[in-house]
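All of these numbers come straight from a predicted model, not from anything done at the bench.
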Amino acid sequence: MSQKKIFLVIVAISTVSLLLHHGGHFSWTMEALHLGCPSLRTHPSFSLKPKHTNVAFLKTHKTASTTMQNLLFRFAERHNLTVALPVQACGHQFCYPRTFSVHLVHPHTLPPNVVTSHMRFNLAEMQRLMPNDTIYVTILREPGSMFESLFSYYNQYCQSFKRVPNGSLEAFLDDPWRYYHPDENDSMYARNTLTFDLGGDKDHPEANVAAYARDFVAKTERVFSLVMIAEYFDESLILLRHLLSWDLEDMLYVKLNMRTSGSKHSLSPGLPAKIRAWNHLDARLYDHFNTSLWRQLAALGPACVARELRLLRRAQEKLVRGCFSGGLPQLRSAAQIKNKELRPWQPSAKVDIVGYDLPTNTNATRPGSLAHELCLKLIMPEVQYTRVLLRSQSLRYRRSYPLRSPQPQQPIRSVLSRRQHVGMQQMHRQAPPLGPGPASSPTATPRPPGTQSRATWVGLRSSGPQRKTP
């Protein structure tokens with residue numbers, strides 16, 4: 001047999017193997033390839049490049065980050081990855097607004113592949129926690145709509161907002177320094193929230209704020225391989241898919257943690273400009289990374305991006321039809337949702353956060369089925385999903401250490417303010433435990449056997465080569 005015939009036989013066998021292995025998503029990979037997607041064209045094996053599984057997603061506030069977190073939670077479960085979760089005294093966040101530390105990570109979730117819960121970013125501590133090849137990602141939102149959302153959502157928590165007569169956003173922006181106190185517990189919600197979440201100085205002195213903003217943007221760009229933009233969520237997912245070498249199926253989602261239209265307020269003329277001026281550091285970040293996003297999309301190729309967007313949305317519609325009996329899911333208030341696992345947390349009586357409920361009498365809602373599990377996790381709110389994930393990872397951890405007796409975990413209540421404790425208690429009452437298990441216990445969860453072993457692990461992780469700190 002000639003070398004040419006041997007080559008053709010090998011190609012045919014390889015093609016059949018690819019079809020059998022990839023099944024459902026082979027067709028869209030081929031479609032994207034024919035359109036000349038740069039990152040696919042450089043990999044003749046199509047989507048056989050290994051998926052990158054070490055990801056740190058900085059979950060920012062009111063930026064569609066809960067939807068992104070849910071996507072990452074589901075990816076981690078499908079691929080048997082470990083997600084770093086907060087110690088129980090922190091609730092479902094890493095004791096935000098405290099600056100992140102590895103000591104705030106639940107010992108049953110070490111060492112992690114993924115981290116995606118709210119925190120105030122600290123690169124040095126993240127490098128101690130995560131593998132050296134971790135890819136850092138975050139998301140930003142246009143300052144005007146984001147600040148309106150913050151003002152509405154945290155109106156009963158943030159003192160700077162509570163002082164405003166009649167809860168008027170216009171009144172606050174007319175004279176913000178009248179109401180804003182920088183050193184109060186929840187002041188990070190009232191000014192440059194994105195900058196604060198990223199570890200920056202939300203109240204940097206005006207004297208050299210321009211230079212600080214320029215340096216902070218550059219620092220952020222050095223750390224984060226991708227900064228997503230909430231207004232272009234699907235386009236951002238296309239870039240993320242290529243960055244991580246994930247499949248189309250890994251990017252599917254349903255929007256979560258949304259307010260009703262009655263809880264939103266349209267911005268009158270002139271307010272967007274005032275919001276940008278008050279949140280000038282956030283505005284600088286958004287403008288830079290919005291431009292950067294479109295530059296990266298242009299490099300990928302307009303035809304490739306358009307094709308992948310169509311394929312993503314087509315797959316999304318198919319998933320939604322399967323979970324919700326053929327139609328789009330109907331948004332419901334928490335009181336209307338019968339399944340407590342699906343009731344979203346309500347920040348106050350003035351804001352209505354809506355969620356979803358699975359329809360009854362369908363294959364996708366038959367308890368115990370794989371379809372039911374997929375659909376349930378797709379729409380599960382952050383607080384409940386965090387508990388479910390912690391419970392499953394704790395069980396896995398304990399199975400790994402059957403011969404070692406646990407020691408009591410020391411409480412870290414000293415790092416929490418009284419306001420934070422009250423808020424967590426309210427949250428636990430509104431989102432009750434999902435059943436027996438370590439994640440639903442009101443008491444502190446046992447730490448791994450001995451604190452020295454954990455310190456040794458952190459020391460080993462931090463002793464290797466690290467990404468250079470900006």
Checking Ser245 side chain against Lys49 main chain: does a donor-acceptor pair fall under 3.5 Å?
no
Salt-bridge present (Lys377, Glu373; N to O < 4.0 Å)
yes
Hey, is Arg313 close enough to Asp234 for a salt bridge, meaning N to O under 4.0 Å?
yes
Check Leu129 against Ala84 and note the closest heavy-atom contact, atom names and distance.
CD2-CB, 4.2 Å
Shortest non-hydrogen contact between Cys304 and Leu300, atoms and distance:
CB-O, 3.8 Å
Rounded to the nearest 0.5 Å, how far apart are CD of Glu235 and CD1 of Ile229?
11.0 Å
Donor-acceptor side-chain pairing of Ser149 and Ser152 below 3.5 angstrom
no
Report the distance from atom CG of Leu297 to atom CG of Leu293, rounding to the nearest 0.5 Å.
4.5 Å
If you measure from CG on Leu72 to OG1 on Thr116, what distance do you get to the nearest 0.5 Å?
4.5 Å
Whether the side chain of Trp278 engages the backbone of Asn192 through a donor-acceptor N/O pair (distance < 3.5 Å, no angle test) should be reported.
no
Using the rule given for side chain to side chain contact (heavy atoms under 4.5 Å, CB included), can you reason through Asn70 versus Glu382, listing the C-alpha separation, both sets of side-chain angles and the distance that settles it, and then say yes or no?
CA-CA 7 Å; Asn70 179 277; Glu382 174 183 7; over 6 Å; no
Starting from the C-alpha separation in whole Å, work towards a yes-or-no answer on side chain to side chain contact (heavy atoms under 4.5 Å, CB included) for Ile275 and Leu267.
CA-CA 10 Å; Ile275 290 174; Leu267 299 179; 4.1 Å; yes
Let me see the working for Arg276 and Asp287 under salt bridge (charged side-chain N to carboxylate O under 4.0 Å, His left out), right down to the final yes or no.
CA-CA 11 Å; Arg276 288 179 64 89; Asp287 291 346; 2.4 Å; yes
Would Tyr232 and Asn290 count as having a side-chain donor-acceptor pair, cut-off 3.5 Å?
no
Which is it for Thr386 and His92 under the side chain to side chain donor-acceptor pair (under 3.5 Å) test, yes or no, and what are the steps along the way?
CA-CA 6 Å; Thr386 299; His92 66 291; over 6 Å; no
Could you check whether any side-chain N or O of Ser400 sits under 3.5 Å from a backbone N or O of Arg396, counting only pairs where one atom can act as donor and the other as acceptor?
yes
Under the salt bridge (charged side-chain N to carboxylate O under 4.0 Å, His left out) rule, collect the residues that match up with Glu125, sequence neighbours excluded.
Arg128
Which of these passes side chain to side chain contact (heavy atoms under 4.5 Å, CB included) with Met68: Ile139, Thr138, Leu237?
Leu237
Closer than 3.5 angstrom, by distance alone: can the side chain of Asn113 be matched with the main-chain N or O of Thr53 as a donor-acceptor pair?
no
With a 4.5 Å limit on heavy-atom distance, are the side chains of Arg284 and His288 in contact?
no
Taking the side chain from Thr67 and the backbone from Leu256, do they hold a donor-acceptor pair closer than 3.5 Å?
yes
Phe121 and ring-ring contact (aromatic ring centres under 6.0 Å, His included): which partner among Phe224, Phe196, Phe100?
Phe224
Where Leu252 and Ala315 come nearest, the two heavy atoms and their spacing
CD2-CB, 3.8 Å
Where do Phe94 and Ser117 land on the side chain to side chain contact (heavy atoms under 4.5 Å, CB included) test, with the steps shown first?
CA-CA 7 Å; Phe94 288 107; Ser117 299; 3.6 Å; yes
Would you say that Lys318 contacts Arg321 through its side chain, given a criterion of any heavy-atom pair below 4.5 Å between the two side chains?
yes
Would a 4.5 Å heavy-atom cut-off, applied to side chains only, mark Thr82 and Tyr397 as touching?
no
Parallel, tilted or perpendicular, as decided by the 30° and 60° cut-offs, for the rings of His118 and His61:
parallel
Tell me, with the steps shown, if Lys62 and Ser145 meet side chain to side chain donor-acceptor pair (under 3.5 Å).
CA-CA 9 Å; Lys62 312 314 297 174; Ser145 62; over 6 Å; no
I'd like to check Tyr385 versus Gln69 (side-chain heavy atoms, cut-off strictly below 4.5 Å). Are they in contact?
no
With salt bridge (charged side-chain N to carboxylate O under 4.0 Å, His left out) as the criterion, how do Asp282 and Arg191 come out once you've worked through the C-alpha distance, each side chain's angles and the decisive distance to 0.1 Å?
CA-CA 9 Å; Asp282 281 7; Arg191 193 184 193 202; over 6 Å; no
For residues Val217 and Leu285, report the shortest heavy-atom separation together with the two atoms involved.
CG2-CD2, 3.9 Å
Are Thr66 and Lys59 close enough that a side-chain donor and a side-chain acceptor fall under 3.5 Å?
yes
Testing the basics here: between Ala230 and Ala64, what is the closest heavy-atom pair and its distance to 0.1 Å?
CB-CB, 4.4 Å
Test side chain to side chain donor-acceptor pair (under 3.5 Å) applied to Tyr153 and Glu148, step by step:
CA-CA 9 Å; Tyr153 197 88; Glu148 183 278 325; over 6 Å; no
Any side-chain heavy atom of His79 within less than 4.5 Å of one from Asp250?
yes
I need the Gln296 CD to Phe289 CZ distance, nearest 0.5 Å.
9.5 Å
If only atom types and distance count, is the side chain of Glu142 paired as donor or acceptor with the main-chain N or O of Gly144 below 3.5 Å?
yes
From CG (Leu58) to CZ (Arg120), nearest 0.5 Å
11.0 Å
Has Ser160 got a side-chain atom pairing as donor or acceptor with Ala190's backbone, closer than 3.5 angstrom?
no
Parallel under 30°, tilted from 30 to 60°, perpendicular over 60°: which one fits the rings of Phe147 and Phe172?
tilted
Kindly indicate whether the side chain of Leu173, heavy atoms from C-beta on, has any atom under 4.5 Å from the side chain of Leu271.
yes
Would you say Val83 and Leu390 make side-chain contact, with heavy atoms under 4.5 Å?
no
Does the side chain of Thr99 pick up a donor-acceptor pair with the side chain of Asn122 at under 3.5 Å?
no
Please work out whether the ring planes of Tyr189 and Tyr154 are parallel, tilted or perpendicular, with thresholds of 30° and 60°.
parallel
Would Val137 and Leu244 count as a side chain to side chain contact (heavy atoms under 4.5 Å, CB included) if you check the C-alpha gap in whole Å, the side-chain angles of each, and the deciding distance to 0.1 Å?
CA-CA 11 Å; Val137 179; Leu244 301 177; 5.6 Å; no
Please report the shortest heavy-atom distance between Val115 and Met126, naming the atom on each side.
CG1-CE, 3.3 Å
Any side-chain heavy-atom pair of Lys202 and Ser187 under 4.5 Å
yes
Once rounded to the nearest 0.5 Å, what's the spacing between atom CG of Leu226 and atom CZ of Arg241?
13.5 Å
Do Arg141 and Ser65 get their side chains close enough for a donor-acceptor pair, meaning under 3.5 Å?
no
Judged by atom type as modelled, is there a donor-acceptor pair below 3.5 Å linking the side chain of His106 to the main-chain atoms of His108?
yes
Return yes if some donor-acceptor pair links the side-chain N/O of Gln384 with the main-chain N/O of Lys340 below 3.5 Å, else return no.
yes
With distance as the sole test, does Gln316 use its side chain to make a donor-acceptor pair with the main-chain N or O of Tyr253 at under 3.5 Å?
yes
